[in-house]
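Read the structure below first, then the notes.
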Number of protein chains: 2
Amino acid sequence: MPTVSSEELAAAAGVNSAKLRKDFSYLGSYGTRGVGYDVEYLVYQISRELGLTQDWPVVIVGIGNLGAALANYGGFASRGFRVAALIDADPAMAGKPVAGIPVQHTDELESIITDNGVSIGVIATPAGAAQQVCDRLVAAGVTSILNFAPTVLSVPDGVDVRKVDLSIELQILAFHEQRKAGEEAAAESAAAPVAATRKNSATDQGPDGDVPAVMPA
Amino acid sequence: MPTVSSEELAAAAGVNSAKLRKDFSYLGSYGTRGVGYDVEYLVYQISRELGLTQDWPVVIVGIGNLGAALANYGGFASRGFRVAALIDADPAMAGKPVAGIPVQHTDELESIITDNGVSIGVIATPAGAAQQVCDRLVAAGVTSILNFAPTVLSVPDGVDVRKVDLSIELQILAFHEQRKAGEEAAAESAAAPVAATRKNSATDQGPDGDVPAVMPA
DNA sequence: ATGTCTTTGTGAACGCGTGCACAAAGATTG
DNA sequence: CAATCTTTGTGCACGCGTTCACAAAGACAT
């Protein structure tokens, strides 16, 4: 039976092993003392907790470049997501297959949501159409929305919205880039250490961490 | 002179006003006691600190759906980014304009980087090509990379990488969706409160916050 | 000018999460 | 079966960031 110790996992993830054990303990006691964690069982338990073992039908609204990119993105299926439908307002798109799935017209939105029991919607429309699409999705029963349009959506209580701003990551890189340049001509401005930049781990390639808490766009 | 108080800003952002004032204080003393912060001046100071007042030439490598979507994305220009070039390995793409910018062949990569003084590169290639493209970008002088390919890139010290995984946000939504469903059939599993989900503010639509620290993909 | 009122900037206290350190548990060996 | 060794699960202490609370600063009214 293949196993891993918290120590090994912690080293790989660049975190403290005690923290990792404590985090796992919230999911239950899945480890064996003196041995470690059964890899397969652990993966299953974490997958289950994260909802990866369920099948999540999603609809993508707005099949432009971004919508098409999302439809083609392979990472969805492996994470338990199933693209139930692609929806676009352009009648010329209707019926045309993208990533093997025929695009349907916005008129069908409500029936698609209902018939497929969709609770997660992805908005990849232009900014102007986003709120309207959002309202229709919510009215049809969607309770989670992933928004790629550059607008803050307003939704009723009980509906989750996550906004993805593709330029924010670039901005963070530029921020670091600027600091790199600044260090060469170092110590030009005396004090003002600017919200201490903490580096989590050497292999940190993710969002979160290293971003100032308050910094409006 | 239009001004804002830390109290107003804090309310709008859903944070504590003292924290906001302390954060601002790291940038210097830009407020006036009894009045607040001069909006225009504050915006300028924050913009400058974040590097938004500089011009950042970027190259986008891999002009598929995603690359094209990025090239068309309006949010870049307004944040100080300038798409210096679009690069693709497909010779058939060469010369074809995307978002008004002609696509150039991978052969030109090094000269483009050098000639334009590009320090930030965006990788939107398939997973298989990403590391190779990354190596060439770095060799040519790029020191910050935004990676949309589903691969973890390895880079030398001094080079920043940020990986954007479009499915992670969906996964977070699915996680919450699952918990919503679980609450109805509540208290089925006794204890195990699972890493307490903290909600930052009522209007939180952003990444960060509300995500478990350790949770491998 | 003097007083009052508002809001900043920050020292100090509090609270929470992280990491330490160890007892308990179980595997493994003789 | 006893002894030893490894690794988990967790109580506790420390440290850091958030929040409180207030003195200082400046605007504005009288």
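First the proteins, then the strands, lettered A, B, ... as listed; each starts at 1. Note that the structure is predicted; figures quoted are calculated from it, not measured. These values consider heavy atoms only, across backbone and side chains, with no hydrogens, waters or symmetry-generated copies.
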Task: Exercise: identify the closest heavy-atom pair between B:V98 and B:L86 - done: O-CD1, 3.4 Å
Task: Residue whose closest nucleotide on DNA chain C lies nearer the 5' end, B:V4 versus A:R21 - done: B:V4
Task: Rounded interatomic separation in angstrom, taking CG from A:L42 and P from D:dT8 - done: 11 Å
Task: Sugar-phosphate, base or nothing in reach of B:S17, heavy atoms under 4.0 Å - done: nothing
Task: Phosphate-side-chain proximity, A:S6 and D:dT8, N/O vs OP1/OP2 below 4.0 Å - done: yes
Task: Shortest side-chain distance from B:A18, nucleotide among D:dT18, C:dG26, D:dC20 - done: D:dC20
TODO: Report the distance from atom CZ of B:R33 to atom C1' of C:dT8, rounded to the nearest whole Å.
DONE: 5 Å
Open item on the list: To the nearest 0.5 Å, what is the distance between CG on A:D23 and CD1 on A:I46?
Closed with: 9.5 Å
Task: Candidate nucleotides C:dC20, C:dT7, D:dA21, ranked by approach to the side chain of A:N16 - the nearest - done: C:dC20
- [ ] Answer yes when A:D160 and B:R179 have at least one side-chain N-carboxylate O distance shorter than 4.0 Å, and no when they do not.
- [x] no
- [ ] Only one of A:L146, A:L153, A:V59 passes side-chain contact (heavy atoms from CB on, under 4.5 Å) with A:I123; say which it is.
- [x] A:L153
Open item on the list: Please report the distance, rounded to the nearest Å, between CG in B:L20 and P in C:dT10.
Closed with: 14 Å
TODO: Nearest whole angstrom, please: distance from the P of C:dT6 to the OH of B:Y37.
DONE: 18 Å
TODO: Return the value, rounded to whole Å, for the distance between atom CD of A:E8 and atom C1' of D:dT8.
DONE: 14 Å
Open item on the list: Whole angstroms only, please: what is the CG-P distance between A:L9 and D:dG9?
Closed with: 12 Å
Task: Separation of atom CZ in A:F24 from atom C1' in D:dT10, rounded to whole Å - done: 16 Å
Task: Separation of atom NZ in A:K19 from atom P in C:dC16, rounded to whole Å - done: 16 Å
Open item on the list: Quick check on the 6.0 Å ring-centre criterion: do A:Y30 and A:Y41 meet it?
Closed with: yes
Open item on the list: Check this for me: does the side-chain of A:K22 come within 3.5 Å of the base of C:dG17 through a donor and an acceptor?
Closed with: no
Open item on the list: With a 4.0 Å cutoff (strictly under), does any side-chain N or O of B:S29 reach OP1 or OP2 of C:dG9?
Closed with: yes
